[in-house]
Protein chains: 2
Amino acid sequence: MTATRDLTRNQSLVLGALEHADGPLSAYTILDRLRDAGFRAPLQVYRALDKLTEFGLVHRLESLNAFVACAHGHDHGHAHAHGIVAFAICDTCGKVDEFSDDEVTSRLNGWARDAGFRASKTTIELRGECAGCLAAA
Amino acid sequence: MTATRDLTRNQSLVLGALEHADGPLSAYTILDRLRDAGFRAPLQVYRALDKLTEFGLVHRLESLNAFVACAHGHDHGHAHAHGIVAFAICDTCGKVDEFSDDEVTSRLNGWARDAGFRASKTTIELRGECAGCLAAA
DNA sequence: AATTGGATGTAATGTTATTACGTTAGGAGG
DNA sequence: CCTCCTAACGTAATAACATTACATCCAATT
């Protein structure tokens, strides 16, 4: 059960790089980390990222031009039906917290319905400083 | 009253370009449109955009790497105290609708408070297709 | 065996943003 | 008046992010 989705070699490598990282990685950083595995060109990374994003295993952080593995350790098998996902990005330590709020999802969906707007993707990103870094400061 | 904030020549030109456009513009598009006004280098645009954003006269659309004039025709004098601003971006016609939802603002602020996260900037962007384009399709 | 579609490899190019360094303009205070 | 300071500006070079174009490979099907 929850069979791991059948990823290609490149997709597995890219997902692995993101899962082992302790924060978001840019496509070019991923490329650098996969040189030893045989990666040579940006496109190899971007192609894998496209698929992984499509599968819901990876998120793109628009305000960072970077990527993170999805926090919900869904065992690569099924996409959860959670609402709009939001990210809190610490500008100091780089850590990203992924969360979801039903009320926010419902208000935004409501606005879209009222406006006749069909949203295909919604981005919510908070940039700032996390509790740990605030405490350390 | 509501005295227009004192913008420099470059800032006025960039703001003007954004106000006259009927959608978001990339920094390089702005640069192209201001060649005749004497613009030569990207930095001239980016510097003006930084200030205009700081003044609240311009928004950056993270998912587009582009910029729009703030929809609230605040007469360049005072920043309104509205909550988090959201954007609905039509991928078909390129038009952008700016809106704000108190409940969304309050939920996100609430999450941040609970998590001890101090947000310095929050991005909400819906990508999709607007009512007009859906009707035309 | 031929065909097809998805994934891949590689190079070149396009697009977005910043760093570095030097100059200019205008106000504050001696 | 002159110096100091600061903000804005000009220019070139470079870095960072992303896509286009084209050829190849391989497995599943016919």
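Just so it is clear, the model here is predicted, and its values are computed rather than measured. Letters A, B, ... are given to chains in the order of the sequence lines, protein chains preceding strands, and every chain is numbered from 1.
In this structure, of C:dA17, D:dA18, D:dG10, it is D:dG10 that holds the atom nearest to the side chain of B:Gln44. Closest approach to the B:Phe67 side chain among D:dC9, C:dA17, D:dA18 is made by C:dA17 (side chain taken as heavy atoms from C-beta onward).
In this structure, B:Thr105 and B:Asn109 have side chains that are in contact, with non-hydrogen atoms separated by less than 4.5 Å. Side chains of A:Leu13 and A:Phe39 form a contact here, defined as non-hydrogen atoms less than 4.5 Å apart. When side chains are defined from C-beta on, A:Thr122 does not count as touching B:Glu125, because their heavy atoms never get closer than 4.5 Å.
Between the CD atom of A:Glu62 and the C1' atom of D:dA18 there is a distance of 13 Å, rounded to whole Å. Spacing between atom CG of B:Asp6 and atom P of D:dA7 amounts to 15 Å, rounded to whole angstrom units. Note: CD1 (A:Ile30) to P (D:dA16) measures 16 Å, nearest angstrom. Between the C1' atom of D:dC9 and the CZ atom of B:Arg40 lies a distance of 14 Å, rounded to the nearest Å. Rounded to a whole Å, the CG atom of B:Leu25 is 14 Å from the C1' atom of C:dT16. When rounded to the nearest whole Å, the span between CG of A:Leu49 and C1' of C:dA7 equals 15 Å. One atom, CG of B:Asp50, and another, P of D:dC9, lie 12 Å apart when rounded to the nearest Å. Computed from coordinates, the A:Leu64 CG to D:dC17 P distance equals 9 Å when rounded to whole Å.
For the OP1/OP2 pair of C:dT16 and a distance below 4.0 Å, the side-chain nitrogens and oxygens of A:Asn65 include no atom meeting the criterion. Checking the phosphate oxygens (OP1, OP2) of C:dA17, a side-chain nitrogen or oxygen of B:Tyr46 falls inside 4.0 Å. Remark: A:Thr8 is in phosphate contact with C:dT8, judged by side-chain N or O atoms under 4.0 Å from OP1 or OP2.
Mapping B:Arg60 and A:Asn10 onto DNA chain C by nearest heavy atom places A:Asn10 closer to the 5' end of the strand. Nearest-nucleotide assignment on DNA chain D puts the 5′-proximal partner with B:Gly38, out of B:Gly38 and A:Leu43. Heavy-atom distances to DNA chain D give each of A:Arg47 and A:Ser26 a nearest nucleotide, and the one nearer the 5′ end belongs to A:Ser26.
Between the side chain of A:Tyr28 and the base of D:dA15, no donor-acceptor pair under 3.5 Å is found.
If you take CG on B:Asp91 and OG on B:Ser63, they are separated by 8.0 Å, rounding to the nearest 0.5 Å.
Side-chain atoms of B:Glu62 and B:Thr123 include no donor-acceptor pair closer than 3.5 Å.
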